[in-house]
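Here's the structure, in structure tokens; my notes come after.
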Amino acid sequence: MSLSGFTAPWWFLLLVGVAALAAFYVVLQRVLRKRTLRFANLSMLEKVAPKRQGWYRHVPVALLMVAFIALTVALAGPTAEQKVPRNRATVMLVIDTSLSMKATDVQPSRLEAAQVAAKSFADGLTPGINLGLISFAGSATVLVAPTTDRAAVTQSIDGLKLAQSTATGDAIVAALAAIDSFGKVVGGADGPPPARVVLMTDGKETVGTRDAFDAAEDAKKAGVPISTISFGTEEGVVEIEGRRQEVPVDDDSMKEIAKLSGGEFFKAASAEELRRVYDTLGEQIGYEKKQADASRPWVTLGTVLGMIAVAGALLFGQRLP
């Protein structure tokens, strides 16, 4: 029940009237008592008058005053910061499919764990989010343009295939291009919807026509933060063409990309940690905090107290307060 951010605070002037009613009730009770004592024969009154009600006869009036106060607060239009679903936004989910993603330091493998978590992320996004998908290894491929069709995204996630090399910069460039194209189509009078890139990878950039750090700076200029997820452990190992090769996760590069783009860095060394990261991102991306109307609890309180006051008055005094 918020008591801040009032949109119409002048309604609080009604509290002067509430205070006047309370004062009038107190004065009236004293006047009635004095009048009774002045004109009554006390010995006779004690015998014939009904037993005087106790303090509880004033409870209905007190509840009615509180009800008036609650309804006045509601009229003043209190607001509170509330989490509301975004009605428009664009997210490009960018997933590394280089050969290092078949490492089994994360069970059953880095790629399979990433697929499960990414599908859960896609399914959990609020309906107002347009989600696209890019996979990248030696090159970047836009598998799904931004859309509200979650089935198309999850099906494409299931179909991810591994390939050689890691072109992180090219993947960021492709994500920015997809966001820009989509924004021009759906922008309208309000301009393009806010956008973000979610980049999940496990290793350093090895190839590409565009440096990842330069691409991150481009994202900053475009107002598109990149949330990076460094996925895997330092003990990752894969076998490529019969040779055992270490594939430790590269946290430093992901931290720098996030910093340069104005985004956030996340570390996930297990499938469970990756799921939690995606859950956090889903909350951040799918919802926003706004000052929203918070008068309903006050209306409810005032109405309920008013009804109790009327019922109490009829029960104790057989009349309305």
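None of the values given here were measured: they were computed from a predicted structure.
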**Request:** Return yes if some donor-acceptor pair links the side-chain N/O of Thr97 with the main-chain N/O of Phe136 below 3.5 Å, else return no.
**Result:** yes

**Request:** For atom CZ of Arg296, decide whether the heavy atoms of other residues, nucleotides or ligands shown that lie under 6.0 angstrom number more than 12.
**Result:** no

**Prompt:** Which value, rounded to the nearest 0.5 Å, describes the distance between Asp250 atom CG and Lys255 atom NZ?
**Reply:** 10.0 Å

**Request:** Carefully, step by step, assess Phe121 and Ile157 under the rule side chain to side chain contact (heavy atoms under 4.5 Å, CB included).
**Result:** CA-CA 11 Å; Phe121 170 72; Ile157 291 173; over 6 Å; no

**Request:** For Thr154 and Ala151, indicate whether the former's side chain and the latter's backbone hold a donor-acceptor pair under 3.5 Å.
**Result:** yes

**Item:** side chain to side chain contact (heavy atoms under 4.5 Å, CB included) assessment of Met65 paired with Tyr25
**Value:** CA-CA 11 Å; Met65 295 300 108; Tyr25 177 77; over 6 Å; no

**Prompt:** How close do Pro127 and Thr148 get, heavy atom to heavy atom, and via which atoms?
**Reply:** O-CG2, 3.6 Å

**Prompt:** Are Ser227 and Arg196 linked by a side-chain donor-acceptor pair shorter than 3.5 Å?
**Reply:** yes

**Under 4.5 Å side-chain linkage, directly or through intermediates, the cluster mates of Val173** = none

**Message:** Would you say that more than 12 heavy atoms from the other residues, nucleotides or ligands in this model lie under 6.0 Å from the CD of Gln291, or not?
**Reply:** yes

**Request:** Answer yes if Val18 and Val26 sit in the same cluster of Ile, Leu, Val, Met, Phe, Trp and Tyr residues linked by side chain heavy atoms under 4.5 Å apart, and no otherwise.
**Result:** no

**Request:** Decide yes or no on side chain to side chain contact (heavy atoms under 4.5 Å, CB included) for Ile285 and Val198, but give the supporting numbers first.
**Result:** CA-CA 10 Å; Ile285 295 170; Val198 177; 3.9 Å; yes

**Asked** Is the NZ atom of Lys259 crowded by more than 12 outside heavy atoms at less than 6.0 Å?
**Response** no

**Request:** Would you name the heavy atoms of Arg88 and Pro193 that are closest together and state the gap between them?
**Result:** NH2-N, 3.5 Å

**Prompt:** Leu274, Leu125: one ILVMFWY side-chain cluster at the under-4.5 Å cut-off?
**Reply:** yes

**Distance-minimising heavy-atom pair for Pro225 and Gly262** = CB-O, 3.7 Å

**Prompt:** Short question: side chain of Arg110, backbone of Ala103 - any donor-acceptor pair under 3.5 Å?
**Reply:** no

**Interatomic distance, Glu264 atom CD to Ile226 atom CD1 [nearest 0.5 angstrom]** = 13.0 Å

**Complete:** So CG of Leu63 and CD1 of Ile308: to nearest 0.5 Å the spacing works out to 6.5 Å

**Prompt:** Do Met101 and Leu160 have side chains that get closer than 4.5 Å, going by heavy atoms?
**Reply:** no

**Message:** Tell me whether Leu176 shares a hydrophobic cluster with Leu93, the cluster being built from Ile, Leu, Val, Met, Phe, Trp, Tyr side chains joined at under 4.5 Å.
**Reply:** no

**Message:** With heavy-atom distances below 4.5 Å as the criterion, would you say the side chains of Asp202 and Thr166 are in contact?
**Reply:** no

**Prompt:** Could Lys119 and Asp123 be called an ion pair, given the rule that one side-chain N must be under 4.0 Å from one carboxylate O?
**Reply:** no

**Message:** Any heavy-atom pair between the side chains of Phe213 and Ile257 that's under 4.5 Å?
**Reply:** yes

**Asked** Has the side chain of Arg86 got a donor or acceptor atom that lies under 3.5 Å from a matching backbone atom of Ile129?
**Response** no

**Request:** Given side chain to side chain contact (heavy atoms under 4.5 Å, CB included), test Glu288 with Val84 step by step and report yes or no.
**Result:** CA-CA 6 Å; Glu288 58 185 330; Val84 297; 4.0 Å; yes

**Item:** Non-hydrogen side-chain atoms of Pro78 and Trp298 separated by less than 4.5 Å
**Value:** yes

**Request:** Give a yes or no on whether Val61 and Leu71 share a hydrophobic cluster (residues Ile, Leu, Val, Met, Phe, Trp, Tyr; joining criterion: side-chain heavy atoms under 4.5 Å apart).
**Result:** no

**Prompt:** Applying the 4.5 Å side-chain criterion to the ILVMFWY set and letting contacts propagate, would Ile134 and Phe182 be lumped into a single cluster?
**Reply:** no

**Item:** Backbone of Gly232 reached by a side-chain donor or acceptor of Lys267 within 3.5 Å
**Value:** yes

**Message:** Check this for me: does any side-chain nitrogen of one of Lys220 and Glu217 sit under 4.0 Å from a carboxylate oxygen of the other?
**Reply:** no

**Complete:** Closest non-hydrogen contact found for Ala167 with Gly208 is CB-CA, 4.2 Å

**Message:** Tell me the closest heavy-atom pair linking Val106 and Ala271, and the distance in Å.
**Reply:** CG1-N, 3.6 Å

**Parallel, tilted or perpendicular, as decided by the 30° and 60° cut-offs, for the rings of Phe12 and Phe6** = perpendicular

**Fill in**
CG (Leu162) and CG (Leu111) are apart, to the nearest 0.5 Å, by 5.0 Å

**Prompt:** With a 4.5 Å limit on heavy-atom distance, are the side chains of Phe265 and Asp251 in contact?
**Reply:** yes

**Request:** May I ask you to check whether over 12 heavy atoms, not counting those of Gln164, lie within 6.0 Å of atom CD?
**Result:** no

**Request:** Heavy atoms only: give me the nearest Ser100-Val238 pair and the separation to one decimal.
**Result:** O-CG1, 3.8 Å

**Asked** Is there side-chain contact between Ile172 and Val197, with at least one heavy-atom pair below 4.5 Å?
**Response** no

**Note, Ile69 side chain near Leu15 side chain (heavy atom, < 4.5 Å)** = yes

**Prompt:** Going by atom types only, do Thr90 and Asn130 share a side-chain donor-acceptor pair under 3.5 Å?
**Reply:** no

**Prompt:** Out of curiosity, Gln284 CD to Asp279 CG, how far, rounded to the nearest 0.5 Å?
**Reply:** 11.5 Å

**Request:** Starting at OG of Ser261, measure out to CD of Glu256 and round the result to the nearest 0.5 Å.
**Result:** 10.0 Å

**Message:** Taking the side chain as everything from C-beta on, heavy atoms only, tell me whether Phe231 gets closer than 4.5 Å to Ile95.
**Reply:** no

**Request:** Measure from the side-chain N and O atoms of Glu205 to the backbone N and O of Gly169, and report whether any donor-acceptor pair falls under 3.5 Å.
**Result:** yes

